[in-house]
Amino acid sequence: MVHVGIGYDVHQLVAGRRLILGGVEIPHPKGLDGHSDADALMHAICDAVLGALGEEDIGHFFPNTDPRWKDAPSRVFLAEAAAQTARRGGHLVNVDATVIAQAPKIYPYIAAMKKNIAAALGVSVGQIGVKATTNELMGFIGREEGIAAMAVACVDLP
Ligand code: MG
(Lines give C-alpha, C1' and ligand atoms only; values in the text may rest on other atoms or scores of the structure.)
Protein backbone atom coordinates (compact mmCIF):
# COMPACT_ATOMS: atom_id res chain seq x y z
CA MET A 1 0.00 0.00 0.00
CA VAL A 2 1.21 3.47 -0.80
CA HIS A 3 1.77 5.81 2.15
CA VAL A 4 2.28 9.57 1.88
CA GLY A 5 4.25 11.71 4.32
CA ILE A 6 4.71 15.45 4.66
CA GLY A 7 7.68 17.40 6.00
CA TYR A 8 8.40 21.05 6.75
CA ASP A 9 11.50 22.75 8.07
CA VAL A 10 12.84 26.25 8.54
CA HIS A 11 16.18 27.60 9.69
CA GLN A 12 17.39 31.09 10.44
CA LEU A 13 19.85 32.80 8.07
CA VAL A 14 22.84 34.11 10.00
CA ALA A 15 26.30 35.49 9.25
CA GLY A 16 29.27 33.18 9.74
CA ARG A 17 27.56 29.95 8.63
CA ARG A 18 27.80 28.08 5.33
CA LEU A 19 24.58 27.86 3.31
CA ILE A 20 23.91 24.20 2.55
CA LEU A 21 20.72 23.06 0.84
CA GLY A 22 20.21 19.63 -0.64
CA GLY A 23 23.81 18.89 0.29
CA VAL A 24 25.06 21.70 -1.97
CA GLU A 25 27.13 24.54 -0.55
CA ILE A 26 25.76 27.73 -2.09
CA PRO A 27 27.89 30.89 -2.08
CA HIS A 28 25.98 33.48 -0.01
CA PRO A 29 26.88 36.07 2.66
CA LYS A 30 24.74 34.19 5.23
CA GLY A 31 24.11 30.55 6.03
CA LEU A 32 21.51 28.52 7.89
CA ASP A 33 21.88 28.27 11.65
CA GLY A 34 21.42 24.94 13.40
CA HIS A 35 23.01 22.10 15.31
CA SER A 36 23.73 19.99 12.21
CA ASP A 37 24.58 21.53 8.83
CA ALA A 38 21.02 23.00 9.03
CA ASP A 39 20.09 21.71 5.57
CA ALA A 40 16.38 22.61 5.73
CA LEU A 41 15.65 20.86 2.43
CA MET A 42 17.10 17.50 3.50
CA HIS A 43 15.42 17.87 6.91
CA ALA A 44 11.98 18.42 5.33
CA ILE A 45 12.49 15.41 3.07
CA CYS A 46 13.64 13.29 6.02
CA ASP A 47 10.45 14.17 7.93
CA ALA A 48 8.34 13.39 4.86
CA VAL A 49 9.84 9.89 4.58
CA LEU A 50 9.58 9.27 8.35
CA GLY A 51 6.00 10.54 8.22
CA ALA A 52 5.10 8.11 5.47
CA LEU A 53 6.38 5.33 7.75
CA GLY A 54 4.24 6.67 10.61
CA GLU A 55 7.44 7.29 12.55
CA GLU A 56 8.39 10.15 14.82
CA ASP A 57 10.19 13.18 13.40
CA ILE A 58 13.84 13.90 12.68
CA GLY A 59 14.31 15.60 16.07
CA HIS A 60 13.35 12.34 17.80
CA PHE A 61 15.99 10.29 15.99
CA PHE A 62 18.63 13.02 15.83
CA PRO A 63 18.15 15.34 18.83
CA ASN A 64 19.91 18.70 18.60
CA THR A 65 21.24 18.10 22.11
CA ASP A 66 23.33 15.13 20.91
CA PRO A 67 26.94 16.10 20.16
CA ARG A 68 27.11 13.31 17.54
CA TRP A 69 24.97 15.44 15.21
CA LYS A 70 26.88 18.69 15.73
CA ASP A 71 27.65 20.00 12.22
CA ALA A 72 26.61 16.58 10.84
CA PRO A 73 25.95 16.39 7.09
CA SER A 74 22.20 15.91 6.74
CA ARG A 75 22.65 13.11 4.22
CA VAL A 76 23.17 10.93 7.32
CA PHE A 77 19.57 11.65 8.36
CA LEU A 78 18.22 10.79 4.91
CA ALA A 79 20.22 7.57 4.90
CA GLU A 80 18.61 6.61 8.23
CA ALA A 81 15.11 7.34 6.88
CA ALA A 82 15.93 5.17 3.84
CA ALA A 83 17.25 2.40 6.12
CA GLN A 84 14.04 2.47 8.15
CA THR A 85 12.05 2.18 4.92
CA ALA A 86 14.14 -0.81 3.82
CA ARG A 87 13.87 -2.52 7.23
CA ARG A 88 10.10 -2.56 6.77
CA GLY A 89 10.45 -4.05 3.29
CA GLY A 90 9.18 -0.82 1.78
CA HIS A 91 10.49 1.24 -1.07
CA LEU A 92 10.47 4.92 -1.76
CA VAL A 93 8.31 5.75 -4.76
CA ASN A 94 9.12 9.46 -5.01
CA VAL A 95 9.88 12.64 -3.12
CA ASP A 96 8.82 16.14 -4.11
CA ALA A 97 10.04 19.25 -2.34
CA THR A 98 9.96 23.02 -2.55
CA VAL A 99 12.56 25.42 -1.14
CA ILE A 100 11.20 28.83 -0.15
CA ALA A 101 13.99 31.39 -0.22
CA GLN A 102 14.04 35.06 -1.14
CA ALA A 103 17.75 34.84 -1.91
CA PRO A 104 19.97 33.43 -3.26
CA LYS A 105 18.58 32.04 -6.49
CA ILE A 106 18.21 28.28 -5.97
CA TYR A 107 17.56 27.16 -9.52
CA PRO A 108 21.23 26.82 -10.63
CA TYR A 109 21.82 24.27 -7.86
CA ILE A 110 18.74 22.09 -8.22
CA ALA A 111 20.30 19.39 -10.42
CA ALA A 112 23.15 18.93 -7.91
CA MET A 113 20.68 18.87 -5.00
CA LYS A 114 18.58 16.15 -6.65
CA LYS A 115 21.71 14.07 -7.21
CA ASN A 116 22.75 14.38 -3.54
CA ILE A 117 19.27 13.60 -2.22
CA ALA A 118 18.87 10.59 -4.51
CA ALA A 119 22.29 9.26 -3.45
CA ALA A 120 21.50 9.69 0.26
CA LEU A 121 18.17 7.90 -0.12
CA GLY A 122 19.55 5.21 -2.45
CA VAL A 123 17.09 5.95 -5.25
CA SER A 124 17.40 7.35 -8.76
CA VAL A 125 17.41 11.06 -9.56
CA GLY A 126 14.16 10.63 -11.49
CA GLN A 127 12.39 9.87 -8.19
CA ILE A 128 13.34 13.22 -6.67
CA GLY A 129 11.61 16.52 -7.37
CA VAL A 130 13.07 19.80 -6.09
CA LYS A 131 11.57 23.18 -6.88
CA ALA A 132 12.15 26.65 -5.51
CA THR A 133 10.14 29.81 -5.02
CA THR A 134 10.64 33.18 -3.36
CA ASN A 135 8.21 34.51 -0.77
CA GLU A 136 7.47 37.61 -2.92
CA LEU A 137 9.37 39.76 -0.36
CA MET A 138 6.77 39.05 2.34
CA GLY A 139 7.33 37.94 5.94
CA PHE A 140 10.52 36.55 7.50
CA ILE A 141 11.48 34.67 4.36
CA GLY A 142 10.92 37.77 2.25
CA ARG A 143 13.18 39.74 4.63
CA GLU A 144 15.85 37.03 4.19
CA GLU A 145 15.76 36.11 7.88
CA GLY A 146 15.34 32.43 7.10
CA ILE A 147 14.81 29.73 4.48
CA ALA A 148 12.06 27.11 4.60
CA ALA A 149 11.43 23.86 2.76
CA MET A 150 8.47 21.55 2.44
CA ALA A 151 8.33 18.04 1.09
CA VAL A 152 6.12 15.06 0.45
CA ALA A 153 7.26 11.47 0.16
CA CYS A 154 5.45 8.46 -1.20
CA VAL A 155 6.51 5.09 0.23
CA ASP A 156 5.22 1.71 -0.88
CA LEU A 157 4.90 -0.55 2.18
CA PRO A 158 3.95 -4.23 2.26
MG1 MG B 1 15.98 21.34 10.61
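One-based numbering, in listed order, for ligands and for the atoms of each. For reference, positions follow the sequence shown, starting with 1.
- Within the 4.5 Å cutoff, side-chain heavy atoms of R88 are placed close to those of E55.
- The line from CG of D37 to CZ of R75 is 8.5 Å long, rounded to the nearest 0.5 Å.
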Please list, one pair per line, the donor and acceptor atoms closer than 3.5 Å that link side chains of residues 39-54 to other protein atoms, with sequence neighbours excluded.
from	atom 1	to	atom 2	distance (Å)
D39	OD1	G22	N	2.9
D39	OD1	L41	N	3.3
D39	OD1	M42	N	3.1
D39	OD2	G22	N	3.0
D39	OD2	G23	N	2.7
H43	ND1	D9	OD2	3.1
H43	ND1	H11	NE2	3.3
H43	NE2	S36	OG	3.4
H43	NE2	S74	OG	2.8
D47	OD1	I58	N	2.7

Can I get a per-line list of side-chain donor-acceptor pairs under 3.5 Å for residues 140-158, giving both atom names and the distance, sequence neighbours left out?
from	atom 1	to	atom 2	distance (Å)
R143	NE	E145	OE2	2.8
D156	OD1	M1	N	3.4

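- Counting heavy atoms of neighbouring residues, nucleotides and ligands inside a 6.0 Å radius, atom OH of Y8 exceeds 12 of them.
- For the Mg ion (ligand 1), the set of protein N/O/S atoms nearer than 2.8 Å consists of D9 OD2, H11 NE2, H43 ND1, ordered by chain and number.
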Could you list the donor-acceptor pairs under 3.5 angstrom formed between side-chain atoms of residues 24-32 and any protein atom two or more places apart in sequence or on another chain?
from	atom 1	to	atom 2	distance (Å)
E25	OE1	R18	NH1	2.9

